[in-house]
Amino acid sequence: MQAGDIALVRTGGLIGRLIRVVTRSRYNHIRLILDEHGSCIEANPTGCEYGFVQPGDVIVIAPLLDGERDKIADIAKEILGTPYGFLDVVALGLSQFGFKPRWARRRIENPETLFCSQLIDYAWKHVGYDAFPATECYDVSPGDLGDLAFVHGWPIEGGPSMRDVIWN
């Protein structure tokens, strides 16, 4: 694991299940890894904050170039403290089901608030890696990032087996 990789998270509980349903995802959270020790930045209800990879997280090795990885720590410092995008999650949920009213697109495209998968998309775009060039800016769920990784065969480490990741 290294800077720019991601940790996919699937938690229990009502909120975790609700997020998975609203965003049509296998996962309800995602962390951006900052170093080989598992330090990360993540968007939580208290805002963007530093944390650590946790046991059970699925680590996905992102196809970033070394120069892109070198910029991840600076992006993390830039977005540290950004408020959580509660309404952005609602807008993403609507978007995932094909409803894209103008207010929802504006919410999703505005980086003044971020939820977890927007944080990843924002950081990757700002270091030069555009994982979703055909989609609207930051219109991405944790499941979208997981699906992208698995469809393209990005390596995973730790966590469950690839079969468990795909089918559960």
Side-chain angles (χ1 to χ4, degrees), residues 1-13 15-16 19-20 23-86 88-89 92 108 111-133 135 137-166 168:
M1 119 180 74
Q2 55 189 323
D5 293 341
I6 56 176
L8 295 166
V9 181
R10 181 181 173 128
T11 61
I15 299 297
I19 290 171
R20 287 192 302 275
T23 62
R24 299 172 67 180
S25 300
R26 287 185 196 100
Y27 305 97
N28 55 283
H29 190 60
I30 190 165
R31 311 177 212 279
L32 179 63
I33 297 170
L34 301 177
D35 61 33
E36 67 276 5
H37 304 294
S39 297
C40 64
I41 188 164
E42 56 190 319
N44 288 317
T46 53
C48 293
E49 57 193 14
Y50 292 123
F52 293 95
V53 170
Q54 299 296 310
D57 288 359
V58 177
I59 309 304
V60 176
I61 309 305
L64 275 65
L65 301 173
D66 288 342
E68 294 165 341
R69 290 182 186 282
D70 292 343
K71 299 174 188 173
I72 290 291
D74 290 335
I75 295 295
K77 289 176 191 169
E78 176 188 320
I79 59 179
L80 183 65
T82 300
Y84 189 79
F86 291 99
D88 299 5
V89 174
L92 176 67
I108 289 171
E112 290 180 12
T113 61
L114 294 170
F115 57 86
C116 61
S117 48
Q118 283 180 313
L119 180 153
I120 306 299
D121 197 37
Y122 178 90
W124 282 356
K125 277 181 170 63
H126 282 79
V127 301
Y129 180 69
D130 190 355
F132 298 95
T135 63
C137 197
Y138 319 128
D139 186 6
V140 57
S141 73
D144 293 333
L145 287 159
D147 291 345
L148 178 75
F150 303 133
V151 165
H152 291 287
W154 298 356
I156 65 167
E157 60 182 59
S161 71
M162 180 62 88
R163 181 184 181 282
D164 291 339
V165 168
I166 294 172
N168 291 325

Approximate separation, where rounding is to 0.5 Å, of D35 CG and Q2 CD: 10.5 Å
Side chain T113, main chain P83, donor-acceptor under 3.5 Å: no
Separation of L119 CG from I75 CD1 (nearest 0.5 Å): 10.0 Å
Determine, step by step, whether L114 and C48 satisfy the side chain to side chain contact (heavy atoms under 4.5 Å, CB included) criterion, reporting the C-alpha distance in whole Å, the side-chain angles of both residues, the deciding distance to 0.1 Å, and the verdict. CA-CA 8 Å; L114 294 170; C48 293; 4.3 Å; yes
Quick one: are I72 and L64 in side-chain contact, heavy atoms under 4.5 Å? yes
Here the pair of heavy atoms bringing F52 nearest to E42 is N-OE2, 4.4 Å
Got a donor-acceptor contact below 3.5 angstrom from the E49 side chain to the N44 backbone? no
Give the intermediate values and the outcome of side chain to side chain contact (heavy atoms under 4.5 Å, CB included) for residues L148 and W154. CA-CA 8 Å; L148 178 75; W154 298 356; 3.4 Å; yes
How about S117 and Y27: do any of their side-chain heavy atoms sit closer than 4.5 Å? no
Interatomic distance, CG@D121 vs CG@L32, rounded to 0.5 Å, equals 11.5 Å
Answer yes or no: is there a side-chain heavy-atom contact under 4.5 Å between W124 and L145? yes
Note, F150 side chain near L8 side chain (heavy atom, < 4.5 Å): yes
For K125 and F132, the nearest pair of non-hydrogen atoms, with its separation, is NZ-O, 4.3 Å
I need the full list of side chain to side chain donor-acceptor pair (under 3.5 Å) pairs touching residues 61-80, with sequence neighbours left out, sorted by first then second residue. D5-R69, E78-Y122
With rounding to the nearest 0.5 angstrom, report the SG to CD distance, C40 to Q54. 7.5 Å
Just verifying a value: how many Å separate D144 CG and I30 CD1, rounded to the nearest 0.5 Å? 9.5 Å
Worked verdict on N28 versus R10 for side chain to side chain contact (heavy atoms under 4.5 Å, CB included): CA-CA 5 Å; N28 55 283; R10 181 181 173 128; 4.2 Å; yes
Once rounded to the nearest 0.5 Å, what's the spacing between atom SG of C116 and atom OH of Y84? 5.5 Å
Heavy-atom check, side chain of H29 versus side chain of T11, under 4.5 Å: no
